[in-house]
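Here the structure is a predicted model, which means the values were calculated and not measured.
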Amino acid sequence: MSEAAIEATEAATAGARITIDLAALVANWRDLGARAPNSTCAAVVKADGYGIGIETVVAALAKSGCGTFFVALPAEGARARKAAPQATIYVLNGLFEGAAPFLADHDLRPVLGSMPEIEEWAAFRAATGAPLPSAIHVDTGMNRLGLSLGETAALAADPALREGAAPALLMSHFACADTPAHPLNAAQIAAFAQARRLLPDLPGSLANSAGVFLGPDAHHDVLRPGISLYGGAAVVDVANPMRPVVTLEARILMVRDVAPGATVGYGAAWMAPRPSRIAVISVGYADGFLRAAGSHSGKAGATAAIEGHLAPIVGRVSMDLIAIDVTDVPDRLARRGVFVELFGANIPIDRAAPAPARSGMNS
Ligand SMILES: *Cc1c(COP(=O)(O)O)cnc(C)c1O
């Protein structure tokens with residue numbers, strides 16, 4: 001068999017499948033941009049494009065007009081660069097010691113978050129004479145990466161160092177934007193305004209996904225959404241307006257009847273409270289489906305869906321198998337060979353991710 005034929009057979013016989021809706025990804029990027037019409041909407045594509053595949057995400061967004069990307073690491077930047085030769089790419093985790101030549105080779109801009117990084121970048125630029133811009137990260141209350149306001153003032157007062165580092169963007173990051181009423185949001189917005197007054201000619205970037213929903217005071221010049229692009233909920237306890245991008249489905253291998261009092265799976269963790277129909281599906285923790293999504297009598301787990309009918313996970317998540325309760329699903333839908341949704345249009349990814357007791361299951 002040719003390699004292509006083997007791949008096709010593997011796809012046809014896979015236990016589970018992930019579908020990525022790139023049109024929905026692009027629609028989410030446009031939707032976010034429309035919420036801040038005076039800003040440029042960039043895209044955060046760290047962690048392999050939030051698990052979707054950095055090249056796929058960058059190519060789709062670049063083709064649709066996205067010109068600025070943020071990655072966490074230099075190697076991610078190199079992968080993004082291949083997918084978007086013309087784009088502006090910033091490396092959020094900054095300038096690793098000695099990494100300047102790598103960044104220069106791939107035309108990547110470091111987000112400089114400490115004085116040693118600024119000094120190293122300025123020295124590298126002076127030594128090479130190359131016109132390589134950067135971004136400056138100021139900390140406005142998260143106490144993770146970034147210069148303090150005092151250091152920002154010191155940089156502003158040192159024109160040689162400032163010109164040496166050649167910043168093209170001033171940025172900061174919210175700690176609590178997912179909770180709009182949190183007082184730290186207003187404090188960070190005020191601190192960022194102060195930083196922008198210190199370095200007045202630089203474009204500013206403050207808003208992650210949740211920051212886009214905080215309104216115009218948070219928007220500035222460049223938006224940096226991540227999770228919302230991929231369909232995740234950015235803001236807690238409100239309806240998520242984004243389109244789902246990723247769907248996970250697994251096939252039903254068999255359906256069995258279980259008598260009241262019988263248990264299902266390892267550890268006999270779940271006991272049938274009524275005559276039950278159980279479908280066994282072909283996905284498990286070896287595929288990255290977390291064991292925390294399992295259930296036992298006393299703790300509900302995650303829920304699957306078959307054409308909109310809910311089917312809670314019962315018992316532990318095995319390595320390559322999961323049991324779901326299909327007692328309330330019509331038999332014509334819960335049968336061998338049918339693909340069951342674990343997250344997608346019917347099960348929001350944010351409901352599947354934490355696997356808390358939200359499924360309404362009481363056993
Ligand atoms: C991850 C990250 C983002 C994107 O955050 P989301 O909450 O996923 O939108 C933006 N800015 C910085 C600095 C980040 O680390």
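Between the side chains of Thr247 and Thr19, no donor-acceptor pair of N or O atoms lies under 3.5 Å. A donor atom on one side chain and an acceptor atom on the other are not found under 3.5 Å apart for Ser134 and Arg109. No side-chain donor from either of His219 and Arg35 sits under 3.5 Å from a side-chain acceptor of the other.
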Checklist line | Leu223 and Thr40: CA distance, side-chain angles, deciding distance, side chain to side chain contact (heavy atoms under 4.5 Å, CB included) verdict | finding: CA-CA 6 Å; Leu223 310 174; Thr40 299; over 6 Å; no
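Checked by atom type and distance alone, the side chain of Glu151 pairs as donor or acceptor with a backbone atom of Ser148 at under 3.5 Å.
Look at Asp328 and Arg277 and you find no salt bridge, because none of the NZ, NE, NH1 or NH2 atoms lies under 4.0 Å from a carboxylate O. A salt bridge between Arg196 and Asp201 is absent, with no side-chain N of the basic residue lying under 4.0 Å from a carboxylate O of the acidic one. Remark: Arg243 does not engage Asp31 in a salt bridge, criterion side-chain N to carboxylate O under 4.0 Å.
Ring geometry for His220 versus Phe192: interplanar angle over 60°, hence perpendicular rather than tilted (30 to 60°).
Open room surrounds CZ on Arg336; 12 or fewer heavy atoms of other groups in view lie less than 6.0 Å from it.
Nearest heavy atom pair, residue Ile136 against residue Pro167, reads CG1-CB, 3.4 Å.
Note that Arg291 lies in the cation-pi zone of Tyr285, set by a 6.0 Å cut-off to the ring centre and a 45° limit from the axis.
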